[in-house]
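Once you've had a glance at the structure underneath, I'll fire off some questions.
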Amino acid sequence: MDVNTIGDLYTISSDLPKFVMPEFSVDAVKSILPDAFTIAVLAAVESLLSCVVADGMTGSRHNSNMELVAQGAGNIASALFGGIPATGAIARTAANIKNSGRTPVAGMVHAVVLLLVLVVLMPFASLIPMPTIAAILFVVAYNMSEWREFTSIIKRAPKSDALVLIVTFVLTVAFDLVVAIIVGIILATVMFMKRMSDVTDAYGWKEIDESTDIDNISLKVIPEGTMVYEITGPIFFGASTKIADVIKRANKNVIVLRMRSVPAIDATGIHSIEQLIKVCRKKGSTLVLSHVNEQPMEALKKSGLLNEIGEENICEHIDAALERASQLTTAAAK
């Protein structure tokens with residue numbers, strides 16, 4: 001068949017990229033800065049999301065600062081050799097982990113293999129038909145769209161988070177990514193402030209002797225094989241790593257999550273709870289929630305996580321949660 005190949009349309013070279021120092025000017029910086037900021041934000045979010053996925057698969061905890069500094073240094077070096085910005089890739093990270101990759105050596109080997117492909121196999125790329133590349137790009141675009149995840153968020157997430165997602169999506173398609181990211185961040189910030197104002201309250205102090213505080217966890221008897229964690233403050237996109245700490249240490253028969261001081265939870269928080277449920281299920285542990293406030297309870301119901309946890313494991317008070325933990329540990333011992 002008479003079809004174009006990559007070599008017909010483009011010049012393919014196996015030569016290593018050459019070092020080029022870019023020319024700087026005030027006008028160039030002004031025109032590029034908005035796009036650079038958007039790319040930097042997206043690269044940081046994508047890389048840290050990849051880290052979170054890897055944490056969930058390996059049960060470890062990443063160092064966010066180290067990840068971002070390394071990512072930035074790598075992208076600066078790449079630009080000096082004509083490269084484009086790159087991020088941590090969830091697909092390749094997951095492939096590494098599934099094939100027993102657990103250390104930075106896996107990433108280093110990946111880079112070396114890509115270099116060998118560039119030097120040795122690049123001339124053969126000129127023979128690839130363009131329809132083949134088109135088919136591959138269709139599949140990649142389909143997988144990147146994650147429409148199942150999109151519809152799941154719309155159905156299960158709080159309305160405010162679903163609204164941010166839809167607005168950002170529409171603006172990305174109708175205008176461009178820069179506008180979508182700016183509007184999305186502003187809208188998410190406004191929604192978060194409204195959510196916090198809805199759950200904020202003012203009340204008078206009561207003089208309570210700590211030794212007689214019936215809710216003081218230090219006065220409770222924690223059943224053997226049980227871990228109790230108390231979360232203070234809203235579980236939102238900026239604090240979801242706190243749940244990661246619980247996920248990492250979930251190695252007991254029962255995990256009690258005390259949520260009396262959690263006024264609100266967003267879609268990212270719901271996802272974190274979902275990951276905790278999966279880890280508990282994998283390790284044979286049971287998750288018990290104590291004192292879930294109104295907004296988090298509604299969010300858990302809408303997401304379907306309430307059914308996964310089980311209504312019998314949703315307790316109104318810490319005493320009831322510890323009693324439930326005692327029943328579960330006793331049953332496990334038998």
Side-chain angles (χ1 to χ4, degrees), residues 59 61 158 195-196 198-236 238-266 268-334:
R61 174 76 186 276
R195 184 178 294 157
M196 289 301 96
D198 291 341
V199 298
T200 299
D201 196 6
Y203 53 89
W205 278 20
K206 296 180 181 179
E207 188 173 340
I208 299 177
D209 183 0
E210 185 177 355
S211 62
T212 61
D213 182 7
I214 61 174
D215 283 337
N216 192 337
I217 194 63
S218 63
L219 303 177
K220 307 295 182 182
V221 177
I222 300 177
E224 187 177 353
T226 301
M227 296 181 72
V228 180
Y229 290 93
E230 180 164 358
I231 302 177
T232 303
I235 306 176
F236 68 111
S240 59
T241 54
K242 305 302 179 183
I243 300 294
D245 291 335
V246 180
I247 294 174
K248 183 178 179 181
R249 300 171 186 172
N251 57 1
K252 298 290 186 179
N253 294 331
V254 181
I255 307 297
V256 177
L257 210 58
R258 199 180 191 191
M259 300 177 64
R260 63 173 180 171
S261 299
V262 178
I265 188 171
D266 69 355
T268 308
I270 290 293
H271 177 71
S272 298
I273 297 292
E274 185 177 15
Q275 291 298 111
L276 179 57
I277 294 172
K278 291 179 180 179
V279 171
C280 287
R281 191 174 296 158
K282 183 178 179 180
K283 295 183 177 181
S285 304
T286 302
L287 179 64
V288 177
L289 302 184
S290 167
H291 198 149
V292 183
N293 291 308
E294 183 178 355
Q295 192 276 340
M297 181 67 79
E298 289 299 319
L300 288 173
K301 285 181 180 178
K302 185 177 180 181
S303 66
L305 294 184
L306 197 63
N307 294 330
E308 292 191 34
I309 297 172
E311 293 189 10
E312 68 278 7
N313 294 323
I314 308 293
C315 304
E316 294 183 358
H317 194 270
I318 187 62
D319 290 334
L322 293 177
E323 177 62 29
R324 175 61 180 163
S326 179
Q327 295 173 1
L328 291 169
T329 53
T330 301
K334 293 180 180 179

Side chains of Arg324 and Asn313: any donor to acceptor distance under 3.5 Å?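 Checked: Asn313/Arg324 side chains pair up, N/O donor to acceptor below 3.5 Å.
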
Would you say the side chain of Tyr229 lies within less than 4.5 Å of the side chain of Val256, judging by non-hydrogen atoms?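 SC-SC contact between Val256 and Tyr229 ruled out.
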
So do Met297 and Ile314 actually touch side chain to side chain, heavy atoms under 4.5 Å?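 Touching, per the 4.5 Å side-chain cut-off.
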
Does a side-chain heavy-atom distance below 4.5 Å link Leu322 with Val228?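 Yes - at least one pair of side-chain heavy atoms lies under 4.5 Å apart.
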
Run the side chain to side chain contact (heavy atoms under 4.5 Å, CB included) test against Ser303 and tell me which residues pass, sequence neighbours left out.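 With neighbours one apart ignored, the set is Arg156, Ile270, Leu305.
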
To the closest 0.5 Å, what do you measure between CD1 (Ile222) and OG (Ser326)?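 Those atoms lie 12.0 Å apart.
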
Check: Glu230 and Ser261 side chains under 4.5 Å, non-hydrogen atoms: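 Yes, at least one pair of side-chain atoms sits under 4.5 Å.
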
Taking all heavy atoms of Pro296 and all of Pro263, pick out the closest pair and write down the distance.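 Nearest pair, atom of Pro296 first, then Pro263: CD-O, 3.6 Å.
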
Note, Leu328 side chain near Thr226 side chain (heavy atom, < 4.5 Å):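 A side-chain contact under 4.5 Å is absent here.
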
Residues that Glu308 engages under salt bridge (Lys or Arg N to Asp or Glu O under 4.0 Å), provided they are two or more places apart: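 Once residues adjacent in sequence are excluded, the partners of Glu308 under the salt bridge (Lys or Arg N to Asp or Glu O under 4.0 Å) criterion are Arg281.
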
To the closest 0.5 Å, what do you measure between CD1 (Ile277) and CD1 (Ile255)?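 So the gap between those two atoms works out to 12.5 Å.
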
The criterion is side chain to side chain contact (heavy atoms under 4.5 Å, CB included); which residues satisfy it with Lys302, sequence neighbours excluded?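 Here the qualifying residues are Lys159.
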
Is it true that atom CD of Gln327 has more than 12 heavy atoms of other residues, nucleotides or ligands lying nearer than 6.0 Å?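 Above 12, so yes.
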
Are more than 12 heavy atoms from other residues, nucleotides or ligands located less than 6.0 Å from atom CD of Glu224?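 No.
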
Using a 4.5 Å cut-off on heavy atoms from C-beta on, say whether the side chain of Ile318 contacts that of Ser290.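 Ser290 vs Ile318: side chains touch.
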
Supply the atom-to-atom distance Glu274 CD to Ser272 OG, rounded to the nearest 0.5 angstrom.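 It is 9.5 Å, given to the nearest 0.5 Å.
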
Are any non-hydrogen side-chain atoms of Val288 and Leu257 less than 4.5 angstrom apart?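 SC-SC contact between Val288 and Leu257 ruled out.
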
Less than 4.5 Å apart, side chain to side chain, heavy atoms only: is that true for Met259 and Asn293?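 No, side chains not in contact.
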
